[in-house]
Amino acid sequence: MAVQEKGILTWKSMEDIINARCGWAGTDELYIKYHDEEWGKPVTDDKTLFEFLVLESAQAGLAWITILRKREGYREAFHGFDVEKVAQMTPEDIDRLMQFDGIVKNRLKINSTVNNAKLFMVVQKEFGSFYQYALSFFPGRQPVVNNFKTLSQIPATSPESDAMSKDMKKRGFKFFGSTMCYAFFQAAGFVNDHVEGCFCKVNQAE
């Protein structure tokens, strides 16, 4: 099973492939659905990218499955991930969400979501879209498809995530270190880290 260390998903004591999938998906139905339908598949629309931005920042220090189980709560709390509405949320809204059981009730993370929404819109204006901004950190502006044979080969960071994290911190984004940026890249398909032998990797190669 996965081991959580300082919020980072590691691959200790985990099979590389389980039921023809990356071993980290295990047998949890929610994890399997996320693995099969979303993880590693390219996302180009900014609304979905903002959703992943919110969820990844919420995950810092926690297991990803915790956030997946609260995903609908986050959707309800943050206006269906409408970035403009989130950017307009008030201190009163934040106080209200601190009483809402559908999300992780961490004031710093809730505040950061509103802060990050405002900055997300600034990036959109500067680059045309957040998608184009994220792509700008990749050589040739192309997503990366890795060919790892084992889960232990999958890194926690990359030169691209280091660069994006550094730039995001400079812009004022919160809860987006290099590890979170790399997880964001994986989730949104800027990086495909399905291991060799996973049916998702096989299907995408055909």
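By convention here, the first residue in the shown sequence is residue 1.
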*Just how far is it from atom OG1 of Thr113 to atom CZ of Phe120, taken to the nearest 0.5 Å?*
12.5 Å
*Identify whether the distance between the nearest side-chain nitrogen and carboxylate oxygen of Arg96 and Asp93 falls below 4.0 Å.*
yes
*Drop me the distance from Met164's CE to Asp167's CG, to the nearest 0.5 angstrom.*
8.5 Å
*Grab the two heavy atoms, one from His79 and one from Val86, that are nearest each other, plus how far apart they are.*
CD2-N, 4.3 Å
*asked:* For the backbone of Asn111 and the side chain of Lys174, can you confirm whether one donor and one acceptor N or O come within less than 3.5 Å of each other?
replied: no
*Could you grab the distance from atom CD of Gln186 to atom CD of Glu56, nearest 0.5 Å is fine?*
8.5 Å
*Parallel under 30°, tilted from 30 to 60°, perpendicular over 60°: which one fits the rings of Trp24 and His35?*
perpendicular
*Does Glu38 come within less than 4.0 Å of Lys41, counting only side-chain N to carboxylate O?*
no
*Verify the ring-centre separation between Phe138 and Phe185: is it less than 6.0 angstrom?*
yes
*Between Lys109 and Ala58, is there a donor-acceptor pair closer than 3.5 Å when you use the side chain of the first and the backbone of the second?*
yes
*Minimum heavy-atom separation for Ala87 to Met121, with atom names?*
CB-SD, 3.8 Å
*Over all heavy atoms of both residues, which pair between Asp193 and Asn146 is shortest? Give the atoms and the distance, please.*
OD1-ND2, 2.7 Å
*Heavy-atom closest pair, residues Asp16 and Ser152*: OD1-N, 4.4 Å
*Under a 4.5 Å side-chain heavy-atom rule over Ile, Leu, Val, Met, Phe, Trp and Tyr, are Val83 and Phe175 clustered together?*
no
*asked:* Show, in sequence, the C-alpha distance, side-chain angles and deciding distance for Ser165 and Lys169, and conclude whether the side chain to side chain contact (heavy atoms under 4.5 Å, CB included) test is met.
replied: CA-CA 6 Å; Ser165 173; Lys169 285 181 180 178; 3.7 Å; yes
*Is the shortest heavy-atom distance from the side chain of Pro139 to the side chain of Glu160 under 4.5 Å?*
yes
_Interatomic distance, Met98 atom CE to Ile103 atom CD1 [nearest 0.5 angstrom]_ = 8.5 Å
*Has Lys105 got more than 12 heavy atoms of other residues, nucleotides or ligands less than 6.0 Å from its NZ?*
yes
*Donor-acceptor pair, side chain of Asp46 and main chain of Ser129, under 3.5 angstrom*: no
*Would you mind reporting whether Phe148 and Cys22 have side-chain heavy atoms less than 4.5 Å apart?*
no
*Between Arg107 and Asp95, is there a side-chain N and carboxylate O pair less than 4.0 Å apart?*
yes
_In one Ile/Leu/Val/Met/Phe/Trp/Tyr side-chain cluster, 4.5 Å: Tyr31, Ile18_ = no
*Is atom CD of Glu84 surrounded by more than 12 heavy atoms (other residues, nucleotides or ligands) closer than 6.0 Å?*
no
*Looking only at non-hydrogen atoms, find the nearest pair between Gln153 and Lys149 and report the distance.*
OE1-N, 2.6 Å
_N/O donor-acceptor pair under 3.5 Å between Lys70 side chain and Asp101 backbone_ = yes
*asked:* Does Leu135 form a side chain to side chain contact (heavy atoms under 4.5 Å, CB included) with Phe127? I'd like the steps, not just the answer.
replied: CA-CA 10 Å; Leu135 208 57; Phe127 287 83; over 6 Å; no
*Look at the side chain of Asn19 and the backbone N and O of Arg21, then say whether any donor-acceptor pair between them is shorter than 3.5 Å.*
no
*Pair Phe52 + Phe81: ring centers closer than 6.0 Å*: no
*asked:* Is there a side-chain contact between Phe78 and Leu55 in this structure, where contact means two heavy atoms from C-beta onward sitting under 4.5 Å apart?
replied: no
*asked:* Could you check, using the six-membered ring where one of them is a Trp, whether Trp64 and Trp39 have ring centers closer than 6.0 angstrom?
replied: no
*How far does CG of Leu151 sit from SG of Cys198, to the nearest 0.5 angstrom?*
9.5 Å
*For Glu196 and Asn147, run side chain to side chain contact (heavy atoms under 4.5 Å, CB included): C-alpha distance rounded to whole Å, both residues' side-chain angles, the deciding distance at 0.1 Å, then the answer.*
CA-CA 6 Å; Glu196 298 294 322; Asn147 296 299; 3.2 Å; yes
*Anything under 30° is parallel, anything over 60° is perpendicular, the rest tilted; go ahead and classify Phe176 against Phe173.*
perpendicular
*Tell me whether Phe184 is reachable from Val104 by hopping between hydrophobic residues (I, L, V, M, F, W, Y) whose side-chain heavy atoms are closer than 4.5 Å.*
yes
*Do you see a donor-acceptor pair shorter than 3.5 Å between the side chains of Asp162 and Ser178?*
yes
*Val43/Glu51 under side chain to side chain contact (heavy atoms under 4.5 Å, CB included): CA gap, chis, key distance, verdict*: CA-CA 11 Å; Val43 174; Glu51 176 178 353; over 6 Å; no
_Please determine whether ring-ring contact (aromatic ring centres under 6.0 Å, His included) holds for the pair Tyr133 and Phe137, giving the CA-CA distance in whole Å, both sets of side-chain angles, and the decisive distance to 0.1 Å._
CA-CA 7 Å; Tyr133 167 70; Phe137 294 99; 5.1 Å; yes
*Can you tell me how far the OH atom of Tyr74 sits from the CZ atom of Phe100, to the nearest 0.5 Å?*
10.0 Å
_Can a donor-acceptor pair be found, under 3.5 Å and without considering hydrogens, that links the side chain of Asp36 to the backbone of Cys200?_
no
*Spell out, yes or no, whether Phe199 and Val145 are grouped together once hydrophobic residues are joined by side-chain heavy atoms under 4.5 Å, including indirect joins.*
no
_Please determine whether residues Ile32 and Leu30 belong to a single hydrophobic cluster, defined as Ile, Leu, Val, Met, Phe, Trp and Tyr linked transitively by side-chain heavy-atom distances below 4.5 Å._
no
_Tell me the closest heavy-atom pair linking Gly80 and Lys47, and the distance in Å._
O-CE, 3.1 Å
